[in-house]
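Taking it in order: structure first as structure tokens, then the write-up.
This is a predicted model, so every value here is computed, not measured. For reference, positions follow the sequence shown, starting with 1.
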Amino acid sequence: MAATLTEEIAAAAARLVVEEGMEYGPAKRKAARVLGRHSVRAAEMPGNEAVEDEVRAYLQLFCADTQPAELRALRELAARWMERLAPLRPHLAGAVWRGTATRLSDVHLQLYCDDPKQAEIFLLDQRVPYDVGSRPGPRGQSIDVLTVADTGRERGAPVGVHLSVLDLDDLRGALKPDARGQTNCGDLAALRRMLAAA
């Protein structure tokens, strides 16, 4: 049975995520172009869950001998940053949390702060250099993303650690499980349980 365009885009996007370290959105758009489709209807684009399923299949098929160690190293790095940022209520998100990270992945932490400037003040006090960006937040408003570069002892190259600064009230919604029973993020205790179980 021939794969649908949606399935082809999901599989091509998964390869880009694993081999080039791309985020899901850009990977889906590039995958459509690679497949010769420069305009794809929204209904034909795969959802992130479909891409994640393809990423997991790709990792199992082509990276089973290296990816678990790469994931563990990134989770250990995330745990160190979470310990350091403990006053800001850090929660791990993204591929490192979901278990699909590779050596090309960055670490994504969500900080739940009482004051939107609390994270920047904390980093300044700790003398941690950072860059400021933004992305859409959970309520549609723009939120700050502070990016620091970890020296990356585990992989020999700097690791981007992206700190999304969220309101404390956003934490409640972030911990709700999705249709598969997985949460989009987890705290340090949950991460330590993952590390102990691996």
Side-chain angles (χ1 to χ4, degrees), residues 17 20-27 48-49 51-52 55 70-178 182-198:
V17 168
E20 297 183 20
M22 293 182 74
E23 297 292 329
Y24 284 13
N48 286 347
E49 286 183 351
V51 175
E52 185 175 283
V55 167
E70 293 169 355
L71 174 63
R72 181 169 189 86
L74 287 166
R75 284 181 169 170
E76 289 171 351
L77 183 146
R80 286 195 300 277
W81 275 98
M82 292 171 82
E83 289 167 359
R84 186 174 187 179
L85 299 167
L88 305 175
R89 301 174 193 92
H91 283 65
L92 179 61
V96 179
W97 171 250
R98 303 284 283 194
T100 58
T102 68
R103 61 183 175 76
L104 299 176
S105 301
D106 286 342
V107 173
H108 293 268
L109 297 178
Q110 297 174 345
L111 308 178
Y112 293 93
C113 303
D114 298 312
D115 179 320
K117 292 298 175 191
Q118 184 180 3
E120 287 191 64
I121 293 167
F122 185 88
L123 292 177
L124 289 169
D125 287 348
Q126 298 283 317
R127 293 188 171 85
V128 176
Y130 62 90
D131 292 320
V132 181
S134 64
R135 69 169 181 83
R139 290 181 246 154
Q141 84 287 16
S142 181
I143 62 166
D144 287 340
V145 178
L146 312 177
T147 299
V148 300
D150 189 282
T151 54
R153 289 189 309 233
E154 291 78 7
R155 66 181 190 183
V159 177
V161 180
H162 306 284
L163 311 173
S164 296
V165 182
L166 298 158
D167 189 270
L168 183 56
D169 292 338
D170 295 325
L171 181 56
R172 200 171 21 252
L175 297 176
K176 289 182 182 172
D178 62 17
Q182 297 177 318
T183 59
N184 286 325
C185 65
D187 63 10
L188 181 56
L191 176 57
R192 284 182 174 148
R193 287 192 296 274
M194 283 181 171
L195 286 166

- Message: Nearest 0.5 Å, please: how far is CG in Leu104 from CD in Glu70?
- Response: 7.5 Å
- Message: Measuring from atom CG of Leu71 to atom OG of Ser105, what distance do you get when rounded to the nearest 0.5 angstrom?
- Response: 8.5 Å
- For Gln118 and Pro87 the tightest heavy-atom approach is NE2-O, 4.0 Å
- Query: Do Asp170 and Gln110 have side-chain heavy atoms sitting under 4.5 Å apart?
  - Reply: no
- Message: Within this structure, what is the NE2-CG distance for the pair His91 and Leu166, rounded to the nearest 0.5 Å?
- Response: 10.5 Å
- Are any non-hydrogen side-chain atoms of Val161 and Leu77 less than 4.5 angstrom apart? yes
- Query: What are the two closest non-hydrogen atoms of Asp167 and Tyr112, and how far apart are they?
  - Reply: O-CD2, 3.4 Å
- Task: Measure the spacing between NE2 of His108 and OG1 of Thr147 and express it to the nearest 0.5 Å.
- Result: 8.5 Å
- Message: For a side chain to side chain contact (heavy atoms under 4.5 Å, CB included) check, start with the C-alpha distance between Val55 and Arg98, then their side-chain angles and the critical distance, and finish with the verdict.
- Response: CA-CA 11 Å; Val55 167; Arg98 303 284 283 194; over 6 Å; no
- Message: Please determine whether a side-chain nitrogen of the Lys or Arg among Glu76 and Arg80 lies less than 4.0 Å from a carboxylate oxygen of the Asp or Glu.
- Response: no
- Query: What distance do Met82 atom CE and Leu111 atom CG have between them, rounded to the nearest 0.5 Å?
  - Reply: 9.5 Å
- Note on the structure: Nearest heavy-atom contact between Ala101 and Leu74 is CB-CD1, 3.8 Å
- Looking only at heavy atoms, the pair that brings Leu188 and Glu83 closest together is CD2-CG, 3.6 Å
- For the pair Arg89 and Asp187, evaluate side chain to side chain contact (heavy atoms under 4.5 Å, CB included) and give the outcome as yes or no after the intermediate values. CA-CA 8 Å; Arg89 301 174 193 92; Asp187 63 10; over 6 Å; no
- Item | Exercise: identify the closest heavy-atom pair between Val145 and His162 | CG1-CB, 4.0 Å
- Task: With the side chain counted from C-beta on, respond yes when Ile143 and Val165 share a heavy-atom pair under 4.5 Å apart, and no when they do not.
- Result: no
- Minimum heavy-atom distance Cys113-Leu88, with the two atoms named: SG-CD2, 4.1 Å
- Item | Spatial distance of atom OG1 (Thr183) from atom CH2 (Trp97) [nearest 0.5 Å] | 4.5 Å
- Message: Do Leu92 and Trp81 make a side-chain contact, defined as non-hydrogen atoms from C-beta onward lying under 4.5 Å apart?
- Response: no
- Task: Starting from the C-alpha separation in whole Å, work towards a yes-or-no answer on side chain to side chain contact (heavy atoms under 4.5 Å, CB included) for Gln126 and Arg84.
- Result: CA-CA 10 Å; Gln126 298 283 317; Arg84 186 174 187 179; 4.2 Å; yes
